[in-house]
Amino acid sequence: ALHGGGGSGRQFEANTGLTAKAREAGFVVAYPDGSRGPSGLRTWNAGGCCAAASATDVDDVAFLAALIETLVASHGVDPRRVYAVGHSNGGMMAYRLACERPDRVAAVGSSAVPLMVESCTPERPVPVMHLHSALDRHVPVDGGVGTGPSRVEFPPVADTLATWAGLDGCEGSPTVEALTGHTRTTWEPCRDGSEVVLLLTGDGGHSWPGGAGAPLSGDPAASLSANDALWSFLAPHRLP
């Protein structure tokens with residue numbers, strides 16, 4: 001579970017409440033820290049973002065792959081059922097891990113950020129769930145420079161989902177389901193049982209849906225629990 005830019009593993013644990021979900025559902029959750037730059041803030045090198053980690057080309061893909069190996073060896077984690085989720089800069093990093101090490105993660109979930117790598121060529125279809133608020137001003141769902149500290153030009157979220165739908169060989173047009181306070185858009189059928197899902201909330205800001213919120217990020221969406229939605233999506237998927 002990968003924290004956003006300027007956050008930490010400990011902060012992300014507190015804000016998401018994922019540990020309680022892990023105890024309830026019976027999975028292991030790890031909260032690594034990104035690298036600390038000269039400003040003292042921790043970030044991940046997710047390709048086109050963020051801060052010192054990106055500027056100095058920190059090899060966070062190798063770090064996370066090594067962490068997964070450690071968890072498999074020391075904590076009895078099933079190597080076929082490893083998943084990456086993240087918020088903001090951490091969500092970008094989950095996407096980059098799926099692009100470059102699809103042999104390590106069975107599926108990924110990303111909150112409030114698009115794909116930020118120049119090239120994504122995974123060797124297998126990777127199931128993807130994306131969560132975003134239509135009211136997010138830090139990372140606008142339609143793209144552009146948001147009000148957050150990164151000052152990065154973000155592509156539209158629709159481009160990210162189109163990319164994953166293409167990589168996963170999804171056929172036909174997506175289906176849209178209107179739910180209470182949010183919509184669920186699903187691309188399927190896709191190759192090898194993969195799927196691409198967008199959950200777009202009409203409330204909340206740049207925060208983990210259903211979480212505790214974070215300073216300057218706006219209130220979290222109350223119409224959706226990211227923890228419940230992500231675990232329901234991730235749990236059935238396994239590596240070949």
Side-chain angles (χ1 to χ4, degrees), residues 1-5 7-13 15-36 42-47 49-50 53-54 56-111 113 115-117 119-131 164 167-168 192-196 208 226-227 229-240:
L2 308 178
H3 64 78
S8 69
R10 186 179 297 276
Q11 163 267 321
F12 199 48
E13 179 181 23
N15 282 5
T16 61
L18 264 170
T19 295
K21 183 64 182 179
R23 289 173 177 152
E24 170 198 321
F27 60 86
V28 173
V29 58
Y31 304 92
D33 284 335
S35 57
R36 195 188 298 276
R42 296 184 182 276
T43 57
W44 303 100
N45 177 13
C49 194
C50 289
S54 178
T56 59
D57 200 23
V58 174
D59 196 346
D60 281 321
V61 171
F63 165 60
L64 293 173
L67 172 61
I68 291 168
E69 290 183 13
T70 298
L71 294 173
V72 168
S74 62
H75 286 70
V77 170
D78 183 349
R80 294 184 62 210
R81 299 188 67 198
V82 175
Y83 314 103
V85 300
H87 176 69
S88 196
N89 182 211
M92 301 175 197
M93 192 64 229
Y95 274 152
R96 184 173 189 182
L97 189 63
C99 291
E100 299 185 22
R101 293 305 305 265
D103 59 318
R104 286 296 185 203
V105 288
V108 301
S110 178
S111 167
V113 283
L115 178 67
M116 294 295 291
V117 297
S119 175
C120 183
T121 55
E123 300 163 354
R124 49 169 284 272
V126 181
V128 165
M129 173 171 272
H130 185 102
L131 300 88
W164 282 115
L167 291 169
D168 289 354
D192 300 341
S194 61
E195 55 185 331
V196 178
W208 187 256
N227 296 349
L230 284 167
W231 182 244
S232 294
F233 174 81
L234 298 170
H237 293 291
R238 290 161 172 74
L239 285 170

Give, for atom [atom1] of [X] and atom [atom2] of [Y], the distance between the pair rounded to the nearest 0.5 Å.
{"X": "Ser54", "Y": "Met92", "atom1": "OG", "atom2": "CE", "value": "9.5 Å"}
{"X": "Leu167", "Y": "Glu123", "atom1": "CG", "atom2": "CD", "value": "12.5 Å"}
{"X": "Trp231", "Y": "Met129", "atom1": "CH2", "atom2": "CE", "value": "13.0 Å"}

Return yes if some donor-acceptor pair links the side-chain N/O of [X] with the main-chain N/O of [Y] below 3.5 Å, else return no.
{"X": "Glu100", "Y": "Leu97", "answer": "no"}
{"X": "Thr16", "Y": "Leu18", "answer": "yes"}
{"X": "Arg124", "Y": "Pro102", "answer": "yes"}
{"X": "Asp59", "Y": "Ala62", "answer": "yes"}
{"X": "Arg238", "Y": "Pro236", "answer": "yes"}
{"X": "Thr43", "Y": "Cys50", "answer": "yes"}
{"X": "Ser110", "Y": "Tyr95", "answer": "no"}

Next on the checklist: Classify the ring geometry of Phe12 against His87: parallel below 30°, tilted from 30° to 60°, perpendicular beyond 60°.
Outcome noted: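 Rings of Phe12 and His87: parallel, under 30°.
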Any non-hydrogen side-chain atom of [X] less than 4.5 Å from a side-chain atom of [Y]?
{"X": "Asp57", "Y": "Asn45", "result": "yes"}
{"X": "Leu234", "Y": "Val85", "result": "yes"}
{"X": "Phe233", "Y": "Tyr83", "result": "no"}
{"X": "Leu239", "Y": "Pro79", "result": "no"}
{"X": "Val61", "Y": "Arg96", "result": "yes"}
{"X": "Glu69", "Y": "Arg104", "result": "yes"}
{"X": "Tyr31", "Y": "Thr19", "result": "yes"}

Of all the heavy-atom pairs spanning [X] and [Y], show the shortest one and how long it is.
{"X": "Asn89", "Y": "Gly5", "value": "CB-N, 3.4 Å"}
{"X": "Trp208", "Y": "Leu230", "value": "CH2-CD1, 3.5 Å"}
{"X": "Trp44", "Y": "His3", "value": "NE1-O, 3.0 Å"}
{"X": "Cys120", "Y": "Val117", "value": "CB-CG2, 4.0 Å"}
{"X": "Val113", "Y": "Ser88", "value": "CG2-O, 3.0 Å"}
{"X": "Ala94", "Y": "Val108", "value": "O-CG1, 3.8 Å"}

Next on the checklist: Assess whether a salt bridge exists between Asp103 and Arg101, defined as any Lys/Arg side-chain N lying under 4.0 Å from an Asp/Glu carboxylate O.
Outcome noted: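 Yes.
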Checklist entry - Can you name the salt bridge (charged side-chain N to carboxylate O under 4.0 Å, His left out) partners of Asp192, sequence neighbours left out? => result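 Expected list: none.
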Item to check | salt bridge (charged side-chain N to carboxylate O under 4.0 Å, His left out) involving Glu13 - partner list, sequence neighbours excluded | outcome: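 Partners of Glu13 by the salt bridge (charged side-chain N to carboxylate O under 4.0 Å, His left out) criterion come out as none, since no residue qualifies.
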Item to check | Evaluation steps, side chain to side chain contact (heavy atoms under 4.5 Å, CB included), between Cys99 and Leu115 | outcome: CA-CA 10 Å; Cys99 291; Leu115 178 67; 3.8 Å; yes
Item to check | Verdict with reasoning, Ser194 to Val196, per side chain to side chain contact (heavy atoms under 4.5 Å, CB included) | outcome: CA-CA 7 Å; Ser194 61; Val196 178; over 6 Å; no
Checklist entry - Taking the six-membered ring where the residue is Trp, are the ring centres of Trp164 and His130 under 6.0 Å apart? => result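 So the answer is no for these two rings.
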